[in-house]
Amino acid sequence: MEETRFFKLCSFLMVVLMINIQFLKSATSDAYTLGDEGKWNDEADFVSWSQKRKFKVGDVLRFKYVKGKHNAYEVTEATYRSCDASSGVLAKYESGDDQVKLTQAKKYWFICNIPGHCLGGMRFSIDVKEASASDSGANTTNSAISTPPRESSPPVSSCRSYDTVRWSMGIHLVAFGILLTFN
């Protein structure tokens with residue numbers, strides 16, 4: 001009787017583990033830090049940087065900059081093209097260390113709204129696609145940044161999102177709770 005219970009428990013744990021592994025394979029997202037040496041500034045070529053990457057739903061853009069010297073606005077296409085943020089601003093990020101989660105498959109446009117910065121090149125657009133299991137780990141260019149030819153820049157960190165860790169922990173806690181009910 002005790003052996004049957006043990007085997008049922010082991011079988012259940014194997015199923016939970018397999019589900020967890022499959023989920024983690026398809027749920028990874030990338031975090032991208034923008035800018036030369038990890039900063040959103042007026043010295044990097046953000047258009048080239050953004051064109052070299054494949055963004056997917058769930059990815060995170062991290063804007064690091066000196067608060068008050070720069071900002072990051074998500075804007076409409078018309079505002080992006082004109083660099084006039086008197087209208088068409090969808091979201092404002094002004095903390096100096098902003099993380100923007102890409103929640104929808106769509107085109108995003110970002111600018112710095114400090115006078116002269118957008119027209120000086122502190123703007124870029126990205127096309128975000130739906131995430132799929134085949135996208136996991138496929139983006140190999142997310143750790144380098146393109147800057148103007150005058151000097152090369154060091155790689156910028158890109159890491160896996162903590163969302164997958166939270167999901168994994170949640171699944172393990174549920175499995176542990178079920179184990180406790182068997183005792």
Side-chain angles (χ1 to χ4, degrees), residues 27-131 135-169:
T28 59
S29 61
D30 293 315
Y32 298 91
T33 301
L34 283 96
D36 188 30
E37 297 178 10
K39 293 185 180 166
W40 170 239
N41 61 40
D42 52 4
E43 297 174 7
D45 181 359
F46 296 106
V47 173
S48 294
W49 178 85
S50 64
Q51 290 173 348
K52 293 178 182 176
R53 284 146 183 83
K54 295 179 183 175
F55 298 96
K56 60 189 177 303
V57 172
D59 285 350
V60 176
L61 297 179
R62 185 174 184 196
F63 294 86
K64 288 187 66 151
Y65 53 89
V66 176
K67 184 177 179 177
K69 187 174 179 183
H70 299 292
N71 56 40
Y73 283 17
E74 181 185 345
V75 297
T76 62
E77 182 178 10
T79 300
Y80 170 82
R81 292 189 185 285
S82 69
C83 287
D84 178 6
S86 61
S87 65
V89 175
L90 304 175
K92 296 179 180 181
Y93 304 99
E94 299 172 324
S95 75
D97 190 5
D98 304 305
Q99 295 189 26
V100 180
K101 187 163 187 172
L102 306 172
T103 58
Q104 297 178 17
K106 67 174 193 170
K107 188 101 172 178
Y108 288 81
W109 294 275
F110 294 95
I111 65 169
C112 177
N113 192 42
I114 301 298
H117 290 198
C118 177
L119 290 172
M122 282 190 72
R123 63 179 170 170
F124 70 98
S125 65
I126 57 173
D127 193 15
V128 177
K129 306 289 185 191
E130 289 292 339
D135 290 337
S136 178
N139 198 351
T140 58
T141 60
N142 61 359
S143 63
I145 251 185
S146 229
T147 57
R150 55 195 138 123
E151 26 179 295
S152 62
S153 63
V156 177
S157 68
S158 176
C159 59
R160 294 288 179 204
S161 172
Y162 289 109
D163 289 341
T164 56
V165 174
R166 283 186 251 159
W167 272 102
S168 177
M169 182 176 281

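Across every non-hydrogen atom of Tyr32 and Asp59, the tightest pair is CE1-OD2, 3.5 Å. Ser50 approaches Ser125 most closely through the heavy-atom pair OG-O, 3.3 Å.
Under the 4.5 Å side-chain criterion, counting only non-hydrogen atoms from C-beta, Asn41 is not in contact with Tyr65. Put simply, the side chain of Val57 does not reach to within 4.5 Å of the side chain of Leu102, judged on heavy atoms.
One finds a salt bridge joining Asp30 and Lys56 here, because a Lys/Arg side-chain nitrogen approaches an Asp/Glu carboxylate oxygen to under 4.0 Å. Arg62 has a carboxylate O that lies under 4.0 Å from a charged side-chain N of Asp97, or vice versa, which qualifies the two as a salt bridge. Ion pairing of Lys106 with Glu74 is present here, as a side-chain N (NZ or NE/NH1/NH2) and a carboxylate O approach within less than 4.0 Å.
There is no side-chain donor-acceptor pair under 3.5 Å between Tyr93 and Gln99.
Without hydrogens or angle criteria, Trp49 side chain to Ala44 main chain gives no donor-acceptor distance under 3.5 Å. Proximity of a side-chain donor or acceptor of Ser82 to a complementary backbone N or O of Ala78 within less than 3.5 Å is detected.
Here the OG1-CZ distance, from Thr33 to Phe63, works out to 10.5 Å after rounding to the nearest 0.5 Å. Note that the OH atom of Tyr73 and the CG atom of Asp98 stand 11.0 Å from one another [nearest 0.5 Å]. Atom-to-atom distance recorded for Gln51:CD and Asp45:CG is 8.0 Å, nearest 0.5 angstrom.
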Would you mind writing out the side-chain donor-acceptor pairs for residues 84-92 within the sub-3.5 Å range, not counting sequence neighbours?
{"residue": "Asp84", "atom": "OD1", "partner": "Ser86", "partner atom": "N", "Å": "3.1"}
{"residue": "Asp84", "atom": "OD1", "partner": "Ser86", "partner atom": "OG", "Å": "3.0"}
{"residue": "Asp84", "atom": "OD2", "partner": "Ser86", "partner atom": "OG", "Å": "3.3"}

Solution key, residues 108-121 side-chain donor-acceptor pairs under 3.5 Å, sequence neighbours excluded:
{"residue": "Tyr108", "atom": "OH", "partner": "Thr103", "partner atom": "N", "Å": "3.2"}
{"residue": "Tyr108", "atom": "OH", "partner": "Gln104", "partner atom": "N", "Å": "3.1"}
{"residue": "Tyr108", "atom": "OH", "partner": "Gln104", "partner atom": "O", "Å": "3.3"}
{"residue": "His117", "atom": "ND1", "partner": "His70", "partner atom": "ND1", "Å": "3.0"}

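Remark: Lys67 NZ is loosely packed, at most 12 non-hydrogen atoms of other residues, nucleotides or ligands lying under 6.0 Å away.
By the 6.0 Å and 45° rule, Arg123 stacks over the aromatic ring of Tyr80.
If you run side-chain contact (heavy atoms from CB on, under 4.5 Å) between Phe55 and each of Val60, Leu61, Asp127, only Leu61 comes through.
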